[in-house]
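What follows is a single structure, written as structure tokens, with notes after it.
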There are 2 protein chains.
Amino acid sequence: MVPANAAVKIPLEMPVVEKRVRNRAATEQAILDAAKRLLAEEGFQNFGINAVARGAGCDKQLIYRYYGGLNGLVEAIGTDLGSWVTDRIPDDTGGMFLLTYGDLMERLSMLFLDALRADPLMRRIVAWEVSENSEQVRRLSEARSKALAGWIERMRGSLVPPKGVDAQAVNAMIFAAIQHIVLAAAVSDQCAGLALKNGKDWEKAATALKRIVRGVYG
Amino acid sequence: MVPANAAVKIPLEMPVVEKRVRNRAATEQAILDAAKRLLAEEGFQNFGINAVARGAGCDKQLIYRYYGGLNGLVEAIGTDLGSWVTDRIPDDTGGMFLLTYGDLMERLSMLFLDALRADPLMRRIVAWEVSENSEQVRRLSEARSKALAGWIERMRGSLVPPKGVDAQAVNAMIFAAIQHIVLAAAVSDQCAGLALKNGKDWEKAATALKRIVRGVYG
DNA sequence: CCACTCTGTCACCGAGCGGTGAATAACAAG
DNA sequence: CTTGTTATTCACCGCTCGGTGACAGAGTGG
């Protein structure tokens with residue numbers, strides 16, 4: 001018969017520990033995933049080597065080995081980001097015919113608004129961009145804006161903005177408005193006194209946005 | 001007899017030390033000033049008890065004693081902030097007659113744009129607002145938005161927005177655009193591909209902004 | 001078997017952080 | 001001078017951070 005106290009020293013919880021296998025590729029992926037998850041959920045404030053290693057369940061040394069430190073890891077995130085636009089934003093016209101530049105910008109605005117609202121990682125990166133000017137964030141920023149510009153170019157097709165309007169400047173304003181309003185909503189459910197909690201609030205915001213676009217581009 | 005190595009401990013640079021006088025009010029002010037300067041110049045990232053004390057040239061203990069810690073200090077900054085609007089933004093119409101709501105919003109946009117561009121502290125606070133949701137930043141945020149709302153109300157006078165336009169939502173968008181574009185410019189001299197370095201660039205941005213306002217409000 | 005590489009872990013370092021208890025120095029009142 | 005109050009500094013704590021060198025073990029080739 002087995003003694004009662006033998007229970008404490010048997011197999012030593014072998015089954016529980018999830019034996020870590022030797023697999024570099026998987027570990028690298030785990031680190032990258034942990035980094036993205038951490039950045040998305042906690043923001044850039046507490047984003048560091050120790051936190052990522054903790055999140056990935058491995059030693060931080062591996063981050064140095066495989067990515068050359070935090071910088072390299074951020075760069076890897078940036079590379080991943082290149083596919084963000086193509087993943088999250090539809091590349092077609094959603095079955096509509098975009099006859100005018102106004103049609104195009106209205107649709108682009110709505111797509112970008114929804115995509116940004118749905119992606120916490122992207123939001124955190126945008127917030128990071130306007131808060132700091134380190135080498136790290138500059139890399140991220142560049143990757144993001146490049147992907148975005150490509151997407152817009154692709155959607156634009158042969159449509160051209162009306163004469164007499166500085167489309168680049170106006171569009172920068174529109175995208176700035178979208179980014180800021182989404183960021184503000186994410187942290188405080190409002191922006192400049194405008195509530196942004198439920199779907200109805202966002203309807204109003206979207207309508208206002210469309211109103212602005214149409215006011216400029218007709 | 002005095003040992004030779006006693007020389008190292010004599011007068012101890014008395015004359016150099018700039019004798020600190022006992023003056024609580026002055027010290028409190030020094031702390032508050034240091035805090036604002038530090039936040040404006042370095043941003044919220046490295047904003048902490050130690051840094052503020054170092055900047056004020058006093059011991060951090062005094063911050064606990066006089067302000068009850070960082071929270072209290074931030075609150076004091078918020079109180080100060082109440083007077084920001086009245087200090088930095090003219091309260092009159094600049095000699096113009098604001099006949100329509102469009103006139104009003106155009107002028108408000110320009111004033112707010114210039115004021116924000118000129119005030120690094122305010123910019124840092126806005127960036128902080130969209131990056132974090134701590135108790136501290138919520139206090140600041142509240143003070144800022146309250147002051148801003150009061151200013152707008154005061155400027156508005158009896159002018160009313162045109163029917164059929166959700167002015168609150170549209171204005172939130174406009175202010176969001178201004179804030180984001182100024183923040184982005186402050187860290188990277190550009191926003192969404194639009195260069196924002198010299199006065200000429202800002203002219204274009206301002207024109208685009210006015211175009212948007214006029215597009216909605218006529 | 002050995003020797004070697006590759007993956008992963010551990011222990012440690014110096015520095016900075018927020019926070020606290022006790023000492024010290026200037027002034028005021030008696 | 002003595003006593004007490006108030007402004008200011010100092011010394012220290014525990015913790016986390018980024019970073020590094022040494023080590024353990026699995027796999028691989030001879």
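Convention: sequence-line order gives letters A, B, ...; per-chain numbering from 1. These numbers come from a predicted model, not from an experiment.
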In whole Å, what is the span from the [atom1] atom of [X] to the [atom2] atom of [N]?
X	N	atom1	atom2	result
A:Gln61	C:dC12	CD	C1'	13 Å
B:Lys60	D:dC12	NZ	C1'	10 Å
B:Asn23	C:dA26	CG	P	15 Å
B:Asn50	C:dA15	CG	P	15 Å
A:Arg22	C:dC6	CZ	C1'	5 Å
A:Asp59	D:dC17	CG	P	14 Å
B:Arg54	C:dC17	CZ	C1'	10 Å

Starting from the first five and the last five pairs of the helix from C:dC1-D:dG30 to C:dG30-D:dC1, work out the angle between the resulting helix axes, to 10 degrees.
30°

Hey, which of these two, B:Gly69 or B:Arg65, hits DNA chain C nearer its 5' end, going by closest nucleotide?
B:Gly69

Run the salt-bridge test on B:Arg144 and B:Glu129 with the 4.0 Å N-O cut-off and return the result as yes or no.
yes

Between A:Leu73 and A:Tyr66, is the side chain to side chain contact (heavy atoms under 4.5 Å, CB included) condition met? List the steps.
CA-CA 9 Å; A:Leu73 185 51; A:Tyr66 297 155; over 6 Å; no

Show the atom names and distances, to 0.1 Å, of all donor-acceptor pairs under 3.5 Å that link a side chain in residues 192-202 of chain A to residues at least two apart or in another chain.
{"unit_1": "A:Asn198", "atom_1": "OD1", "unit_2": "A:Lys200", "atom_2": "N", "d": "3.2"}
{"unit_1": "A:Asn198", "atom_1": "OD1", "unit_2": "A:Asp201", "atom_2": "N", "d": "2.9"}
{"unit_1": "A:Asp201", "atom_1": "OD2", "unit_2": "A:Lys197", "atom_2": "N", "d": "2.9"}
{"unit_1": "A:Asp201", "atom_1": "OD2", "unit_2": "A:Asn198", "atom_2": "N", "d": "3.3"}

